[in-house]
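Okay, structure first, notes after.
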There are 2 protein chains.
Amino acid sequence: MPEVRVDEVRRFMVDSLLAAGAPESEAKAHADLLLYADTVGHFSHGLNRLELYVNDIKGGMTHPERKPVVLKESPATAWVDGMDTLGATAANFCMDLAIKKAKECGVGWVAAKRTNHFGMAGYWAMKAEKEGLIGLAFTNSAPIMIPTRSKESACGTNPLALAAPALKGDSLLVDMATTTAAMGKIEMQIHKNEPIPEGWALGPDNKVTTDAQLAFDTAKLLPLGGLEKTSGHKGYCLNTMVEIFCSGLSGSNPTFKVPGWSFSQDVAPDLGQCFAAIDPGCFAPGFAQRVAECLMHWRNLEPIDPSLPVLAPGDKERNNREATLKKGTITYPQGQIDSYYRMAKKIGIKPLTVV
Amino acid sequence: MPEVRVDEVRRFMVDSLLAAGAPESEAKAHADLLLYADTVGHFSHGLNRLELYVNDIKGGMTHPERKPVVLKESPATAWVDGMDTLGATAANFCMDLAIKKAKECGVGWVAAKRTNHFGMAGYWAMKAEKEGLIGLAFTNSAPIMIPTRSKESACGTNPLALAAPALKGDSLLVDMATTTAAMGKIEMQIHKNEPIPEGWALGPDNKVTTDAQLAFDTAKLLPLGGLEKTSGHKGYCLNTMVEIFCSGLSGSNPTFKVPGWSFSQDVAPDLGQCFAAIDPGCFAPGFAQRVAECLMHWRNLEPIDPSLPVLAPGDKERNNREATLKKGTITYPQGQIDSYYRMAKKIGIKPLTVV
């Protein structure tokens with residue numbers, strides 16, 4: 001498969017967003033977000049989505065030139081209007097505010113309405129982690145998951161993320177959709193022509209399916225836990241927790257009113273997002289040391305299969321990123337390269353240069 | 001099965017804790033906590049555990065006469081020493097503090113070390129919900145869950161709870177262990193002589209077992225999601241998030257050092273617990289209305305099986321509680337009544353009067 005240099009991917013992402021009409025600072029911020037996802041191996045949230053963002057700007061659903069606005073504030077909280085800016089613009093604004101508040105009074109909790117897709121939730125949690133804080137990030141999304149017992153999809157993949165600093169640059173990173181699997185994973189099974197495990201999704205007959213294409217077309221993902229007997233209702237509960245933090249606090253669209261994200265979408269999604277930072281310095285001394293001890297303990301557990309070591313949350317992403325940066329290139333499917341060649345021609349920028 | 005009047009169960013719980021040495025206010029507070037669990041149908045966390053609490057006091061592991069102490073404070077946070085008091089004593093202290101701080105600056109985030117088992121996590125989240133706030137509660141616990149890929153148990157059931165107010169006394173309540181199933185559910189399958197579903201636990205061969213007794217004896221619960229192919233690593237991630245909030249912030253024992261809770265335990269568990277309150281009044285107006293709309297939307301979804309309506313998180317517990325209070329009695333297994341008859345004789349209180 002074609003390889004593209006990491007800096008060339010970033011160049012292409014920035015050029016695309018600039019050509020669509022984003023200011024340079026926001027094009028760069030958003031490119032950093034998407035590029036990060038590709039370097040850690042979350043390909044569904046990287047270059048894969050660039051064209052949707054470009055389309056949203058060109059279609060007037062996203063307004064990259066605007067600035068988010070604080071609508072209400074208390075020492076530890078803020079309510080923000082994301083103004084339908086690019087995902088990274090509102091998320092940087094909100095997390096910066098949460099970090100500032102956490103440094104001032106221990107916790108910063110910020111909820112924003114009228115936001116756009118903000119990529120990997122973990123990227124935003126890590127922004128606080130780099131400041132020595134616990135970071136949290138949540139977003140709602142279009143309805144694609146069935147609440148336990150329901151025939152209809154009514155919940156999003158509603159991810160949650162937490163990042164916490166350990167010692168020497170090490171950290172714990174939780175970054176997970178509250179569905180069993182993200183739609184991107186089902187797409188990967190289609191590409192590989194392989195079935196999906198039981199417990200990922202229902203078919204049109206409302207029974208569990210292992211047919212990846214059928215699962216994709218039906219769009220009835222199961223919550224984390226799968227069916228009720230294996231505690232799928234807990235994943236549904238978790239999903240509603242994210243909803244409360246997002247649309248509940250911000251007054252955005254609740255998930256069941258969020259339009260699906262596609263090239264035919266013609267309104268802004270008005271997503272709800274929530275960003276929080278907590279200063280561990282306000283609690284028992286030695287937080288980073290304790291996180292480090294937990295990470296060490298988990299990583300040193302004896303694995304069932306010696307070839308599959310026990311990981312701490314975030315290790316997979318960190319390992320992928322180190323390998324990618326060392327190699328200096330990212331591998332994309334030929335179809336994606338071709339599709340972005342066409343986009344480049346259409347918007348008048350230099351296509352991606354394959355190594 | 002024997003029935004006991006609700007007020008008689010409370011009388012017995014209070015008398016037991018008083019006889020063990022608890023002050024009246026704390027005996028009552030702790031009885032309310034345990035009784036609540038039985039009225040909502042979480043029998044594992046109610047009368048079932050009373051004798052363990054009594055034993056902990058009599059053995060000198062729990063000190064019901066002490067008061068928790070604030071060790072460090074900022075406008076939105078507090079670090080508390082639970083002083084090995086009864087679970088309800090420290091939890092009431094911490095959640096009251098979180099509520100006060102949330103009312104003052106939007107968020108209150110309190111972490112406590114040297115705490116004891118605090119029963120149903122949701123009970124504490126609801127304490128904030130009754131004040132019109134979002135409530136959150138977390139606790140770590142003894143190691144009983146295997147991190148994904150691990151041979152050994154190293155994580156607890158580490159539950160998380162969130163409660164949010166809706167309209168007219170209605171609310172959303174998330175209250176879940178981050179394991180697929182709690183040990184209490186496996187015990188219930190043993191009593192019914194029925195297998196457990198695949199995905200709940202591993203056997204001694206580190207393979208999924210459906211044998212309830214084997215699962216109980218092995219004590220290798222799977223995280224929410226089950227095995228890695230059905231995203232059990234997400235349940236493991238969630239579990240570590242709770243750990244970070246609990247032992248991470250408070251400096252208590254991390255789960256892997258928490259002693260198992262039994263009659264042979266001879267040291268205080270030094271659990272870590274975390275309580276938070278968020279004031280929705282600091283965000284978009286109309287929070288309760290929006291929560292109500294979500295609850296309504298989910299409840300009105302067409303169910304796959306018409307006899308199993310779609311529930312909103314917390315509906316099952318609310319329905320159980322209403323039915324219990326209407327009936328006025330709680331049903332317990334005969335074995336439990338017999339066992340508490342023996343305890344009553346031993347500590348010199350009036351046994352439970354069965355209807």
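Owing to the predicted nature of the structure, the values given are computational and were not obtained by experimental measurement. Here is the naming used below: chain letters follow the sequence lines, and residue numbers restart at 1 for every chain.
- Using a 4.5 Å cut-off between heavy atoms, B:Thr240 touches chain A through backbone and side chain atoms alike.
- Interatomic distance, A:Thr230 OG1 to B:Leu227 CG, rounded to the nearest 0.5 Å: 11.0 Å.
- At a 4.5 Å heavy-atom cutoff, the contact between B:Leu311 and chain A is made by backbone and side-chain atoms alike.
- With respect to chain A, the highest number of heavy-atom pairs below 4.5 Å among B:Ile278, B:Leu71, B:Leu222, B:Val110 belongs to B:Ile278.
- Top candidate by heavy-atom pairs under 4.5 Å with chain A, chosen from B:Lys229, B:His297, B:Glu243, B:Glu152, is B:His297.
- At a 4.5 Å heavy-atom cutoff, the contact between A:Pro280 and chain B is made by backbone and side-chain atoms alike.
- A side-chain donor-acceptor contact under 3.5 Å links B:Arg290 to the backbone of A:Gly248.
- Listed for the A:Ser74 side chain is a donor-acceptor partner under 3.5 Å among the backbone atoms of B:Cys105.
- Highest contact tally toward chain A, considering only B:Thr77, B:Leu249, B:Leu162, B:Thr180, is held by B:Leu249 [criterion: heavy-atom pairs under 4.5 Å].
- Proximity of A:Trp109 to B:Cys282: side-chain heavy atoms (C-beta onward) are nowhere separated by under 4.5 Å.
- With a 4.5 angstrom heavy-atom cutoff, A:Trp200 touches chain B only via side-chain atoms.
- Classified by interplanar angle (parallel below 30°, tilted 30° to 60°, perpendicular above 60°), the ring pair B:Trp298/A:Tyr236 is perpendicular.
- At least one donor-acceptor pair under 3.5 Å links the side chain of A:Lys234 to the backbone N or O of B:Thr179.
- Comparing A:Asp279, A:Asn206, A:Ile196 by heavy-atom pairs within less than 4.5 Å of chain B, the highest count is held by A:Asn206.
- No part of B:Pro223 comes within reach of chain A, as not one of its non-hydrogen atoms sits under 4.5 angstrom from that chain.
- Counting heavy atoms from C-beta on, the side chains of A:Ile244 and B:Ile134 come closer than 4.5 Å.
- Looking at B:Ile304, the atoms closer than 4.5 Å to chain A (heavy atoms on both sides) sit in the backbone and in the side chain alike.
- When the candidates A:Cys294, A:Gly108, A:Pro303 are compared by the number of heavy-atom contacts under 4.5 Å with chain B, A:Pro303 comes out ahead.
- When heavy atoms are compared at a cutoff of 4.5 Å, A:Ser250 approaches chain B solely by way of its backbone atoms N, CA, C and O.
- Counting heavy-atom pairs closer than 4.5 Å to chain A, the top-ranked of the candidates B:Ala164, B:Gly286, B:Pro309 is B:Pro309.
- How far CG of A:Asp175 is from SG of B:Cys237: 8.5 Å, rounded to the nearest 0.5 Å.
- Of the listed residues (B:Ala177, B:Gly226, B:Ala288), the greatest number of heavy-atom pairs within a distance under 4.5 Å of chain A belongs to B:Ala177.
- For chain A, the nearby part of B:Pro254 is the side chain; its heavy atoms alone come within less than 4.5 Å.
- Taking NZ from B:Lys316 and NE2 from A:His233, the interatomic distance works out to 6.0 Å, rounded to the nearest 0.5 Å.
- In this structure, no portion of B:Ala102 lies under 4.5 Å from any heavy atom of chain A.
- A side-chain donor-acceptor contact under 3.5 Å links A:Lys72 to the backbone of B:Phe283.
- Contact between A:Leu224 and B:Gly235 at its shortest, heavy atoms only, is CD2-N, 4.2 Å.
- Interface remark: B:Ala111 contributes backbone and side-chain atoms alike to the contact with chain A (heavy atom separation under 4.5 Å).
- For the atom pair A:Leu172 CG and B:Met241 CE, the distance stands at 10.5 Å (nearest 0.5 Å).
- Considering only heavy-atom pairs separated by less than 4.5 Å from chain A, the leading option among B:Pro75, B:Gly251, B:Gly314, B:Ser150 is B:Ser150.
- You'll find the side chain of B:Arg149 stays beyond 4.5 Å of the side chain of A:Asp305, heavy atoms only.
- Annotation: the span from B:Thr148 atom OG1 to A:Leu301 atom CG amounts to 11.0 Å, rounded to 0.5 Å.
- Heavy-atom pairs under 4.5 Å with chain B peak, among A:Gly199, A:Pro313, A:Gly106, at A:Pro313.
- With a 4.5 angstrom heavy-atom cutoff, B:Glu198 touches chain A only via backbone atoms.
- Only the side chain of B:Pro147 comes within less than 4.5 Å of a heavy atom of chain A; its backbone N, CA, C and O stay farther away.
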